[in-house]
Amino acid sequence: MSDKNELLPVLIVGAGPVGLSLATALAQQGVATAVYEKEPTLNQEIRASTLHPATLEMFAEWGVAEQVIANGNPVRQLMYWERRTQELIAQFNYESIAADTPFPFRLQCPQHILTRTLKPLLQQSPYATVHMGHELIGFTDHGSHVTAVFQTENGEVAVNGRYLCGADGSHSATRRLLGLAFPGSTYQDRFLLIGTDYNFRQHYPDLGPVNYIFDPKEWVIMLALPDLTRVVFRLRDEEDSDTATSPAALQQRLQNFVVEGQNTQYATRNTPPFNILTTQLYRVHRRVADTFRVGNVLLVGDAAHNNNPMGGMGMNSGIHDAHNLAPKLSSILEGEGDESLLDQYNTERRQVALEDVQSYSEQRFKDMTAKSDAERQQRDAQLRAMAADPALARAYLLKASMLSERI
């Protein structure tokens, strides 16, 4: 049996939610770990913000669930609306799965809050270090170990590690340096994210903390985060990106949405300028790398697979990669397992990315973007039927919570 403390560390490229989760999982098992992040500070984006019950169970295993939950907004219901009529189509309550998980809720905890929760906890561990301002520019796999080269403000730094794990996002330098293809496609739809502290319940008093608002031209997703409301609009095909993100256009888009929610009680209300705290315009992709493993180098999270954000599967599936990989690395370093475990990781997680995550995300995207009356009516009828049947509602929420095996 090996002493893991005497071995070279596992090198992790990227201090996003997946990289820090992998480091947390490894450190919890006593594996020496070093995280290297290209940027000097943690990312501020709020694009990914949902943590599902299955993921919270993993955080509990790693001893960090309490701290993560304290910094998020627990959500106990999902609501689906028709924008044209303002009709509530269906509501799913997480109490339906209270007997299935110790965390019968989804947590709205944006990635910039999650990483700022995990990093200081990780830095308290004797098994982990985090190095900011280190950009991966090359590596050599020697078979017995990997030498990674990072560019820093003080020049190049070479570091030896037993394994190198690329958790460096969609534009992964690790994947590029491996020469791996990233086949798939880019969605035509563009996503406009607006973060504001405006209270939309003044106009839509029945809104819940998570709302999917269907519309064939401009669907909307509204999520209540701990410090703001995150509103995502579909940009219409004819809209110019620069024009749509101008301050005046952002104000007008929110104003139009609010006016739709005016009723007799609020008809005379003058809406002040919205306090817009953040905006992001982005496209989304559906891609899976040819392999998640090449020798001693492995890919996790967005570096390995991308999917559309409907249903909040992206960040979660990356954290699930970490949950799968960490014990396999630990077992090998302990001398109990062999390298075939890493091939097993590749097979298991590629299959999940290709079959489970992509399939679920695609169905949710299809629901949001349905255009014909027939498609919309069929979708609404199915959602109503599932919400009205306790067994179907439970199954729906278990799948949405990434707990399908418990159905």
Side-chain angles (χ1 to χ4, degrees), residues 50 75 77-94 96 106 185-194 200-201 203-224 229-239 244 252-263 282-286 307-314 356-401 404:
T50 297
V75 170
Q77 59 186 209
L78 305 179
M79 304 180 82
Y80 296 87
W81 300 84
E82 185 63 62
R83 183 172 179 178
R84 289 175 177 175
T85 62
Q86 299 176 31
E87 174 192 6
L88 176 61
I89 297 167
Q91 177 174 314
F92 293 89
N93 297 313
Y94 276 85
S96 299
R106 88 183 218 179
S185 58
T186 299
Y187 289 88
Q188 181 178 349
D189 283 14
R190 293 165 294 167
F191 293 62
L192 175 62
L193 184 156
I194 304 175
F200 290 94
R201 286 195 178 91
H203 311 283
Y204 295 90
D206 296 325
L207 283 175
V210 173
N211 305 274
Y212 295 94
I213 305 171
F214 299 137
D215 186 83
K217 292 184 178 180
E218 187 186 68
W219 48 256
V220 183
I221 303 173
M222 184 174 290
L223 308 178
T229 296
R230 173 184 181 267
V231 190
V232 178
F233 293 91
R234 173 193 180 267
L235 226 59
R236 294 184 295 277
D237 295 341
E238 68 275 10
E239 290 188 88
Q252 188 61 56
R253 190 177 298 271
L254 290 173
Q255 181 69 38
N256 292 344
F257 181 71
V258 163
V259 167
E260 291 176 6
Q262 301 281 20
N263 56 32
Y282 55 96
R283 289 189 183 275
V284 296
H285 311 273
R286 175 181 178 170
N307 59 274
N308 77 65
M310 301 300 181
M313 295 286 161
D356 297 346
V357 173
Q358 296 279 15
S359 174
Y360 181 83
S361 299
E362 282 298 304
Q363 183 58 53
R364 299 288 75 78
F365 189 77
K366 183 179 178 181
D367 288 343
M368 289 299 295
T369 58
K371 289 183 169 58
S372 73
D373 289 342
E375 289 176 323
R376 294 164 63 77
Q377 289 168 9
Q378 181 182 31
R379 174 203 62 203
D380 295 354
Q382 289 175 340
L383 286 170
R384 289 191 186 99
M386 286 188 289
D389 184 304
L392 293 177
R394 173 179 171 271
Y396 183 87
L397 282 174
L398 285 175
K399 191 166 187 178
S401 301
S404 295

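- Heavy-atom neighbours of Lys371 NZ from other residues, nucleotides or ligands within 6.0 Å: above the threshold of 12.
- Applying the salt bridge (Lys or Arg N to Asp or Glu O under 4.0 Å) criterion to Asp380, with sequence neighbours excluded, gives no partner residue.
- Residues Met222 and Trp81 are not in side-chain contact: their nearest non-hydrogen atoms beyond the backbone lie 4.5 Å or more apart.
- Under the side-chain contact (heavy atoms from CB on, under 4.5 Å) criterion, Ser185 pairs with Arg286, not counting sequence neighbours.
- Every residue two or more places apart in sequence or in another chain that forms a salt bridge (Lys or Arg N to Asp or Glu O under 4.0 Å) with Asp237 is listed here: Arg234.
- A distance of 10.0 Å separates CD in Glu375 from CG in Asp367, rounded to the nearest 0.5 Å.
- The side-chain contact (heavy atoms from CB on, under 4.5 Å) test applied to Gln91 returns Gln77, Met79, Leu88, Asn93, not counting sequence neighbours.
- Proximity of Val258 to Tyr204: side-chain heavy atoms (C-beta onward) are nowhere separated by under 4.5 Å.
- Looking at heavy atoms from C-beta onward, Val220 lies in side-chain contact with Val231 at the 4.5 angstrom threshold.
- Between atom CZ of residue Phe92 and atom CG of residue Leu392 there is a gap of 9.0 Å, rounded to the nearest 0.5 Å.
- A donor-acceptor pair under 3.5 Å is formed between the side chain of Arg190 and the backbone N or O of Glu239.
- Here the CZ atom belonging to Arg236 is positioned 5.5 Å from the CZ atom belonging to Arg253, to the nearest 0.5 angstrom.
- The CG atom of Asn308 sits 10.5 Å away from the CE atom of Met313 when rounded to the nearest 0.5 Å.
- Residues Leu383 and Phe214 are in side-chain contact: their nearest non-hydrogen atoms beyond the backbone lie under 4.5 Å apart.
- Under the side-chain contact (heavy atoms from CB on, under 4.5 Å) criterion, Ala224 pairs with Asn73, Pro209, sequence neighbours left out.
- Counting heavy atoms from C-beta on, the side chains of Ser401 and Tyr94 come closer than 4.5 Å.
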Note to self: Between Leu397 and Leu78, does the side-chain contact (heavy atoms from CB on, under 4.5 Å) criterion hold? Intermediate values first, please.
What the structure shows: CA-CA 9 Å; Leu397 282 174; Leu78 305 179; 4.0 Å; yes

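- Applying the salt bridge (charged side-chain N to carboxylate O under 4.0 Å, His left out) test to every pair with at least one member in residues 77-93, sequence neighbours left out, gives these pairs: Glu82-Arg376, Glu82-Arg379, Arg83-Glu218, Arg83-Glu260, Glu87-Arg384.
- The two residues Ala393 and Ala387 come nearest to each other via the heavy atoms CB-O, 4.3 Å.
- For the atom pair Phe233 CZ and Phe191 CZ, the distance stands at 13.5 Å (nearest 0.5 Å).
- A distance of 10.5 Å separates CG of Asn211 from OH of Tyr80, quoted to the nearest 0.5 Å.
- For the pair Arg201 (side chain) and Leu207 (backbone), a donor-acceptor distance under 3.5 Å is present.
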